[in-house]
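One structure below.
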Amino acid sequence: MYANVIVDISHEKLDKTFQYSIPDELLCDIRPGVCVDIPFGSRTITGYVIEVTDKPEYDPARTKPLIGIKADSVAVEAKLIALAAWIRRNYGSTMNQALKTVLPVKKRVKARNKKIVETVAEQENDPSQCSQEVLLNPEQQSIVNDYITAYDSGDHRPCLIHGVTGSGKTEVYMALIDHVLLKGKQAIVLIPEIALTYQTVSRFYSRFGNRICVMHSRLSAGEKCDQFERAAKGETDIMIGARSALFTPFPNLGLIIIDEEHEGAYKSETTPRYHAREVAEKLAQLSGAALVLGSATPSVEAYFKTEDKT
């Protein structure tokens with residue numbers, strides 16, 4: 001068996017796969033998304049397995065074997081590899097730049113978000129501190145009912161929730177998430193960094209408790225990696241955060257919500273210069289998930305994506 005590997009060097013001339021043979025002792029562990037150590041000239045470098053195949057591209061006698069799996073690396077789902085390839089094609093980056101966008105960086109540090117999580121969790125366990133499940137008004141309930149009918153029928157086309165500030169979009173989001181969780185799936189909620197406040201997050205904690213993880217810019221790379229690991233292991237069902245939360249490696253993603261989808265913060269200012277709304281739509285397609293866009297002032301793109309074209 002052979003592994004096609006993208007090497008961990010962001011250089012256009014090396015932005016292609018290199019093939020290595022898989023030693024017998026690693027056959028059970030090598031799969032798309034695994035980070036490996038490989039011989040590259042006179043050096044040992046790291047790369048990501050893009051594909052496992054039984055078809056050699058070169059003379060098998062001249063194909064070098066993998067050295068091993070990178071210590072402390074985090075494997076990524078194959079769909080995120082496919083998403084990185086799509087980002088590369090659509091936004092003009094190298095594959096490595098795209099991979100580094102969707103993959104967490106493994107670096108252990110002392111968690112700094114523990115206090116806020118424990119504080120909110122304690123409130124959740126204290127009945128006197130728990131915003132009880134909100135009863136939806138008729139308009140909100142109608143939106144939820146229409147969504148559930150479409151979702152359960154397999155219609156996962158993007159939809160738009162257009163409501164002025166304070167109209168109760170968050171309550172609708174939580175009802176949609178409830179339904180997805182009942183189906184055994186997970187949800188990602190994107191919120192602009194400026195709106196990712198304690199008050200906003202605590203509303204979700206009050207409803208869902210420790211099923212929530214939070215991703216924000218104050219987390220270190222290691223802390224973000226830990227959050228992603230929790231999601232990959234099934235220790236959490238809902239990820240709330242800014243743009244990077246979109247790449248949470250949930251094994252059974254069912255719903256992506258983008259609140260205030262018109263905000264410019266959803267567009268990356270570094271290479272690859274992706275737009276989270278566009279990437280979310282592609283991720284939803286790859287995952288068989290639904291995409292919900294919400295805004296008081298929707299973008300033209302959101303209107304176009306969600307209008308009834310039947």
Is Leu27 atom CG crowded by more than 12 heavy atoms from other residues, nucleotides or ligands, each under 6.0 Å away?
yes
Given 3.5 Å as the limit, does a donor-acceptor pair link the side chain of His179 with the main chain of Ile148, or not?
no
Can you name the residues that form a side-chain hydrogen bond (donor to acceptor under 3.5 Å, both in side chains) with Gln285, not counting sequence neighbours?
none
Test item: Arg273 side-chain N/O and Glu269 main-chain N/O as donor-acceptor pair under 3.5 Å
yes
Side chains of Tyr303 and His162: donor-acceptor distance under 3.5 Å anywhere?
yes
Is the side chain of Asp24 donor-acceptor paired with the backbone N or O of Leu26 at a distance under 3.5 Å, no angle test?
no
Check whether any side-chain N or O of Thr306 sits under 3.5 Å from a backbone N or O of Ala302 as a donor-acceptor pair, and report yes or no.
yes
Does Asp237 come within less than 4.0 Å of Lys185, counting only side-chain N to carboxylate O?
no
Any salt bridge linking Glu223 with Arg218? Criterion: basic side-chain nitrogen under 4.0 Å from a carboxylate oxygen.
no
Please answer whether the main-chain N or O of Leu66 pairs with a side-chain N or O of Asp37 as donor and acceptor at a distance below 3.5 Å.
no
Non-neighbouring partners of Tyr266 that pass ring pair (Phe, Tyr, Trp, His ring centres under 6.0 Å), sequence neighbours left out
none
I'd like to check the ring pair (Phe, Tyr, Trp, His ring centres under 6.0 Å) partners of His262; sequence neighbours left out, ordered by chain and number.
none
Quick note, salt bridge (charged side-chain N to carboxylate O under 4.0 Å, His left out) partners involving residues 293-302, not counting sequence neighbours, are Arg277-Glu301
Is there a donor-acceptor contact under 3.5 Å from the side chain of Thr248 to the main chain of Phe250?
no
All ring pair (Phe, Tyr, Trp, His ring centres under 6.0 Å) counterparts of Tyr147, not counting sequence neighbours
Tyr151
Taking Ser142 for its side chain and Pro138 for its backbone only, find out whether a donor-acceptor pair lies under 3.5 Å.
no
Between the side chain of Thr44 and the main-chain N/O of Phe40, is any donor-acceptor distance below 3.5 Å?
no
Side chain to side chain contact (heavy atoms under 4.5 Å, CB included) partners for Gln19, two or more places apart
Tyr2, Asn4, Thr53, Pro56, Glu57, Tyr58
Does the ring centre of Tyr274 sit less than 6.0 Å away from the ring centre of Phe247?
yes
Within the side chain of Glu263, is there an N or O that forms a donor-acceptor pair under 3.5 Å with the backbone of Glu260?
no
